[in-house]
Amino acid sequence: MKDNDGKNVLITGGAGYVGSALVPKLLQEGYNVKPYDLYIYGDVFSHIKDNPNLVQIKGDMRDGEKLIESAKNVDTIIHLACISNDPSYELDPTLCKSINYDAFFNVLEAARINDVKRIIYASTSSVYGLKKEKNVRETSTCEPLTDYSKYKLECEKVLLDFGKNHDIEHTILRPATVCGYTPRLRLDLVVNILTIHALINKKIRIFGGTQLRPNINIKDMVRVYELLLSAPKEKINGEIFNAGYQNYSVEDIAKIIEKVIGDPEMIFEYVSTDDIRSYHINSNKIRKVLGFKPKYTIEDGVGSLVDAYKKGLIVDGLNNPVYYNIKMMQKINLK
Ligand SMILES: NC(=O)c1ccc[n+]([C@@H]2O[C@H](COP(=O)([O-])OP(=O)(O)OC[C@H]3O[C@@H](n4cnc5c(N)ncnc54)[C@H](O)[C@@H]3O)[C@@H](O)[C@H]2O)c1
């Protein structure tokens with residue numbers, strides 16, 4: 001029998017960038033939390049490892065049996081696990097498809113066998129691809145540009161289909177790019193990477209500059225998952241939600257960073273790029289349906305990175321594979 005009043009959560013990929021902020025917050029809120037992760041980026045929960053409500057599971061998404069075993073007595077699965085950026089995906093497309101797409105069926109099977117009540121799926125706002133329209137909403141057409149986004153969208157379809165045949169609540173989140181400091185930090189995301197370059201090199205390299213990028217602060221990202229965990233079924237079941245806050249051009253983001261760091265010697269360097277991804281997401285639906293109002297800005301995210309850097313919490317920020325998914329994938333040669 002399940003205990004803790006429906007508050008038993010398994011988080012695949014729970015030791016990643018988002019998970020490393022989400023897991024401690026859910027523990028604080030009284031959830032029992034099981035991160036299920038390969039721990040590619042190391043032990044990120046040493047500071048909370050003795051919490052009796054935390055059960056860490058080192059497992060592979062592709063190991064269906066282990067996932068089924070791990071999802072016993074679980075009420076909600078938040079599915080974050082993923083090879084989560086385009087360059088990492090391109091390194092070994094077959095491997096990545098096996099994790100990002102094929103293993104998604106293991107999540108559904110583990111949920112079905114264990115009578116899990118709810119599945120929350122982390123998709124991405126990059127499923128929309130390049131858009132001319134100002135406001136990209138959940139109903140806008142999806143034209144994913146990369147395999148990473150394409151398989152995110154495929155999993156969405158699989159989940160919606162699965163939901164028609166099984167009595168399991170399910171919801172899809174399409175987050176903007178996350179920014180800010182977490183114990184498992186990613187410095188391959190636009191705000192974070194520009195900030196670390198500005199801190200270390202006193203130079204902000206702007207690739208392109210006019211592309212619009214939607215952003216969300218990690219603290220708001222965590223708040224969104226909390227909302228999705230506790231929202232009533234009728235508000236979230238079968239629904240797709242964008243989750244973003246400030247849609248800024250890369251150049252505007254650079255200016256914010258310059259302002260927060262406040263170094264008069266900061267140099268801007270413009271570099272041409274073939275990364276033309278530019279999109280602007282509208283997040284009115286999540287505000288209207290779930291009452292989600294973002295509280296934290298890009299400035300706050302940059303500020304958290306600057307603080308962490310000054311405290312020595314970011315070590316060798318330009319080269320350390322632990323901060324760069326592609327570098328880590330090259331280093332570990334996952335099979
Ligand atoms: N961070 C963002 O800006 C952002 C934006 C939109 C969507 N998302 C989505 O949110 C989710 C979390 O993103 P993140 O930034 O925390 O990513 P991340 O790369 O930091 O974390 C992914 C985690 O999955 C784990 N993992 C990878 N392969 C695995 C496997 N085979 N078995 C078990 N665990 C495995 C890794 O060890 C890692 O801890 C992802 O699905 C991502 O696509 C993230």
Side-chain angles (χ1 to χ4, degrees), residues 10-23 34-45 56-64 66-67 70 77-89 92 95-104 106-107 110 120-128 144 146-153 155-156 172-180 182-193 213-218 220-222 224-225 241-245 277 279 281 283 298 301 321-329 332 334-335:
L10 181 138
I11 308 181
T12 72
Y17 175 54
V18 173
S20 69
L22 179 60
V23 167
K34 287 185 191 175
Y36 180 99
D37 199 298
L38 268 181
Y39 289 81
I40 290 175
Y41 304 97
D43 171 16
V44 293
F45 296 128
Q56 301 194 63
I57 304 168
K58 186 165 183 178
D60 194 315
M61 293 306 303
R62 295 165 295 174
D63 184 346
K66 183 155 187 171
L67 199 53
S70 305
I77 296 179
I78 301 179
H79 180 49
L80 304 177
C82 184
I83 301 301
S84 45
N85 73 355
D86 296 332
S88 303
Y89 206 108
D92 187 341
L95 169 85
C96 292
K97 177 179 170 281
S98 75
I99 295 171
N100 290 15
Y101 180 70
D102 301 340
F104 187 59
N106 294 342
V107 177
I120 299 169
Y121 173 54
S123 182
T124 168
S125 62
S126 66
V127 291
Y128 296 114
T146 62
D147 275 1
Y148 163 73
S149 316
K150 182 177 119 188
Y151 284 111
K152 282 284 186 192
L153 186 62
C155 289
E156 289 189 7
I172 293 164
L173 192 64
R174 291 180 178 160
T177 303
V178 186
C179 65
T182 68
R184 190 272 133 161
L185 183 56
R186 280 183 67 182
L187 292 173
D188 54 3
L189 299 165
V190 63
V191 171
N192 296 1
I193 194 165
R213 287 295 163 82
N215 299 278
I216 184 165
N217 187 297
I218 182 69
D220 279 329
M221 186 80 273
V222 166
V224 169
Y225 284 108
F241 295 101
N242 287 344
Y245 184 22
R277 289 175 305 144
Y279 41 90
I281 62 165
S283 301
I298 292 177
V322 90
Y323 305 128
Y324 295 91
N325 287 11
I326 177 80
K327 289 187 207 252
M328 187 56 95
M329 292 300 289
I332 62 171
L334 185 66
K335 288 285 171 231

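Computed from a predicted structure; not experimentally measured. As the structure lists them, so they are numbered: ligands from 1, and atoms in each ligand from 1.
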Return a yes/no value for [X]: is any of its N or O atoms, backbone included, closer than 3.5 angstrom to an N or O of ligand 1?
| X | value |
| --- | --- |
| Thr124 | no |
| Tyr17 | yes |
| Ala81 | no |
| Pro175 | no |
| Gly16 | yes |
| Gly19 | no |

Next item on the list: Please round to the nearest 0.5 Å and tell me the distance separating atom OG of Ser88 and atom OH of Tyr148.
Entry: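 Those atoms lie 10.0 Å apart.
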Can you find a non-hydrogen atom of [X] under 4.0 Å from ligand 1?
| X | result |
| --- | --- |
| Ser123 | yes |
| Gly59 | yes |
| Ser20 | no |
| Lys152 | yes |

Item checked: Per atom 12 (C) of ligand 1, closest listed option by heavy atom (Val127, Thr182, Leu80) -> Leu80
Margin query: Contact between Tyr17 and Asn325 at the side-chain level, heavy atoms closer than 4.5 Å - yes or no?
Written below: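 Result no, sub-4.5 Å side-chain heavy-atom pair not found.
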Next item on the list: Starting from atom 2 (C) of ligand 1, locate the nearest protein heavy atom and write down its residue, its atom name and how far away it is, to 0.1 Å.
Entry: Val178 CG2, 3.4 Å
Notebook entry, point to check: In the protein, which heavy atom is nearest to atom 18 (P) of ligand 1, and how far is it?
Noted result: Ser84 OG, 3.3 Å
Item checked: Atoms of ligand 1, numbered as shown, that sit under 4.0 Å from any heavy atom of Thr177 ->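 Ligand 1 atoms under the 4.0 Å threshold to Thr177: 3 (O).
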Notebook entry, point to check: Which one holds for Asn325 and ligand 1: side chain close, backbone close, both close, or neither close, with close meaning a heavy atom under 4.0 Å?
Noted result: side chain
